[in-house]
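Presented below is the structure to which this report refers.
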Amino acid sequence: TFVYNRCISRMAKCFRWGEALDILARMAELGAMPNSYCVNTALNACGKAGRIQEAVELMEDARASGIELDVVSYNCAIPACVAGGKWEQALSMVREMRTKYGIEPNHITYQAVIKVCGRCGRADEAADLLREMKAGGAALKTPVYSAVLNAYRRIDHWQGAVSLVREIHDWKPVGPNVFNYNLAICTCADCGKWEEALELLHYMRDVGGVEPDVVTYNIVVAACGKAGEAQKAIEIFREMSEVGLKPDVISYTTAISACGSGGTADEAVAIFREMAGAGVPPNIITHNAVVAACVAAGEWERALEIFSEVFD
RNA sequence: CUCCAUUAUUAA
């Protein structure tokens, strides 16, 4: 039975749902007893491949042959609902497991159904599920927060992302981590809201008690650059070092390209020159950025100069 | 032996 299950698992990883179901069907005639693990693995194959119908039938068949389904079964099957945008069906599956079969959804279940809602653009439903999850006593996990935040990001709803992360900032026993804040800040950045992005950076540190990392700063610098706020971008780039963070190659590249929107070629080149002293080697993207920044500043001679220096 | 952001969030 283990051996068969491993085979099914391989098929699931390759999105070969048809073969997965085949193997499961032949187990009996080859004298192996399919257990709930095998069924779950096959459900996982259906889930990954978006085969809702097959998943539902498999669950019915399994029950008919006396195999007890569990929370993992639902966790495996629910992701099938992304195909065709069946977020309502995902919700009804959660209802079904609880009311009809007495299986309590866990944080993985919620994560799965929240992801489905997110993929379907239903961010507010995703947030409601998170609240339901907290109320129901399922373990709070940062990946679940990310799933909801990603839902808002998909629909460019920065207000939703910001208010959600503020809502959960003091949740016990697990609040949002840097990763979660970065996602919310990134959503603001995507929407061109650099002030909100910066505000959230301060909020996470001062209210949330979560230290911003290099990625956090990079996102905010990029947001400023994108909004044409080159001076602000440079200021925040500097602040990174002041608070003891070590700018990486992305930080430098982001700051350099921010100079291209409202800054000067001198500023861009100056930051580029600092990299050597900081021991951060530039890459091809950095080189592109510094040339592009000179061009954007209208200094094409400077651009050519840097170009030939860098692309010898 | 099956489900879990870790081919997780940031740059030209």
Side-chain angles (χ1 to χ4, degrees), chain A residues 1-13 20 24 32 34-48 55 69-80 105-115 118 138-139 141-151 153 161 176-190 197 201 212-226 233 237 240 247-261 268 271-272 282-296 310:
Chain A
T1 302
F2 292 171
V3 178
Y4 285 105
N5 197 22
R6 292 193 79 94
C7 291
I8 300 171
S9 180
R10 292 269 168 78
M11 293 302 136
K13 300 254 188 302
L24 185 67
N35 57 15
S36 68
Y37 278 56
C38 300
V39 173
N40 290 348
T41 310
L43 283 170
N44 184 25
C46 295
K48 281 183 161 56
L69 299 183
D70 57 14
V71 63
V72 177
S73 314
Y74 282 91
N75 295 349
C76 291
I78 286 172
N106 62 19
H107 74 275
I108 300 174
T109 318
Y110 279 105
Q111 186 170 324
V113 63
I114 285 171
K115 269 183 171 174
K141 302 281 177 179
T142 56
V144 186
Y145 300 154
S146 276
V148 181
L149 292 167
N150 267 319
R153 188 178 180 196
N177 63 9
V178 202
F179 193 75
N180 299 138
Y181 279 108
N182 288 350
L183 257 179
I185 292 172
C186 202
T187 304
C188 294
D190 290 343
L201 183 150
D213 65 5
V214 173
V215 174
T216 316
Y217 275 94
N218 291 352
I219 297 168
V220 176
V221 171
C224 294
K226 192 175 160 189
F237 170 71
M240 196 178 326
D248 61 12
V249 60
I250 298 182
S251 315
Y252 282 99
T253 306
T254 308
I256 290 167
S257 57
C259 295
S261 36
I271 293 173
F272 176 60
N283 61 23
I284 180 108
I285 302 178
T286 318
H287 292 153
N288 273 327
V290 63
V291 171
C294 292
V295 171
V310 127

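Lettering of chains follows the sequences in order, A, B, ..., and the numbering in each one begins at 1.
For A:Ser257, counting side-chain heavy atoms from C-beta on, the closest listed nucleotide (B:rC3, B:rA11, B:rU9) is B:rA11. With B:rC3, B:rU9, B:rA11 as the choices, the nucleotide that has an atom nearest any side-chain atom of A:Leu183 turns out to be B:rU9. Among the nucleotides B:rU9, B:rU2, B:rA11, the one closest to the side chain of A:Asn5 is B:rU2. Listed nucleotides B:rA11, B:rC4, B:rC1 differ in distance to A:Ile108; the shortest reach to its side chain belongs to B:rC4. Distance from the side chain of A:Asn288 is smallest for B:rA12 among the nucleotides B:rA11, B:rA12, B:rC1. When distances are taken from the side chain of A:Cys76 to each of B:rC3, B:rA12, B:rA11, the shortest belongs to B:rC3. Taking the side chain of A:Arg6 as heavy atoms from C-beta on, and the options B:rA11, B:rU9, B:rC1, the nearest nucleotide is B:rC1. In the set B:rU2, B:rU9, B:rA12, B:rA12 carries the atom at the smallest distance from any side-chain atom of A:Ala292. Across B:rC1, B:rU9, B:rC3, the shortest atom-to-atom separation from the side chain of A:Val72 is found for B:rC3. The A:Thr253 side chain lies nearest to B:rA12 when the options are B:rC4, B:rA12, B:rU9.
Residue A:His287 is classed as having no contact, given no heavy-atom separation below 4.0 Å to the nucleic acid. Residue A:Thr142 is classed as a base contact, given a heavy-atom separation below 4.0 Å to a base. No contact: A:Asp190 has no heavy atom under 4.0 Å from any strand. When heavy atoms are screened at a 4.0 angstrom cut-off, A:Lys226 is found touching no nucleic acid atom at all. Using a 4.0 Å heavy-atom cutoff across all strands shown, A:Lys115 reaches sugar-phosphate atoms only and no base atom.
A:Ser261 places a side-chain N or O within donor-acceptor distance of the main-chain N or O of A:Gly225, the cut-off being under 3.5 Å. Using modelled atom types, one side-chain atom of A:Lys226 and one backbone atom of A:Ala189 make a donor-acceptor pair closer than 3.5 Å.
As rounded to whole Å, 10 Å separates atom C1' of B:rC3 from atom NE2 of A:His107. Between the P atom of B:rU2 and the NZ atom of A:Lys48 lies a distance of 11 Å, rounded to the nearest Å. When the P atom of B:rC3 is taken as reference, atom CD1 of A:Ile78 falls 15 Å away, rounded to whole Å. Here B:rU10 presents its C1' atom at 13 Å from CG of A:Leu201, a figure rounded to the nearest Å. Rounded to an integer number of Å, the gap from CE of A:Met240 to C1' of B:rU10 is 10 Å. A:Asn106 places its CG atom 13 Å from the P atom of B:rC3, with the value rounded to the nearest Å. Distance A:Leu149 CG to B:rA8 P: 17 Å, rounded to the nearest Å. When rounded to the nearest whole Å, the span between CG of A:Asn182 and P of B:rU9 equals 11 Å.
With its ring centre under 5.5 Å from that of the base six-membered ring and a plane angle below 30°, A:Tyr37 counts as stacked on B:rC1.
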Next on the checklist: Between A:Asn218 and A:Asp248, is the side chain to side chain contact (heavy atoms under 4.5 Å, CB included) condition met? List the steps.
Outcome noted: CA-CA 9 Å; A:Asn218 291 352; A:Asp248 61 12; 3.4 Å; yes
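Nucleotides B:rU7 and B:rC3, compared at atom P, are 15 Å apart to the nearest Å. Taking atom C1' in both B:rC4 and B:rA8, one finds a spacing of 12 Å when rounded to whole Å.
Side-chain contact annotation: A:Asn5 with A:Thr41, donor-acceptor N/O pair under 3.5 Å present. In this structure, a donor-acceptor pair under 3.5 Å is present between the side chains of A:Ser73 and A:Asp70.
Of the residues listed (A:Val215, A:Asn182, A:Thr254, A:Leu201), the one engaging A:Val220 in a side-chain contact (heavy atoms from CB on, under 4.5 Å) is A:Leu201, and it is the only one. The side-chain contact (heavy atoms from CB on, under 4.5 Å) test with A:Val72 is passed by exactly one of A:Val39, A:Ile108, A:Leu43, A:Asn40: A:Asn40.
When the side-chain nitrogen and oxygen atoms of A:Arg10 are compared with OP1 and OP2 of B:rU2, none of them lie within a distance under 4.0 Å.
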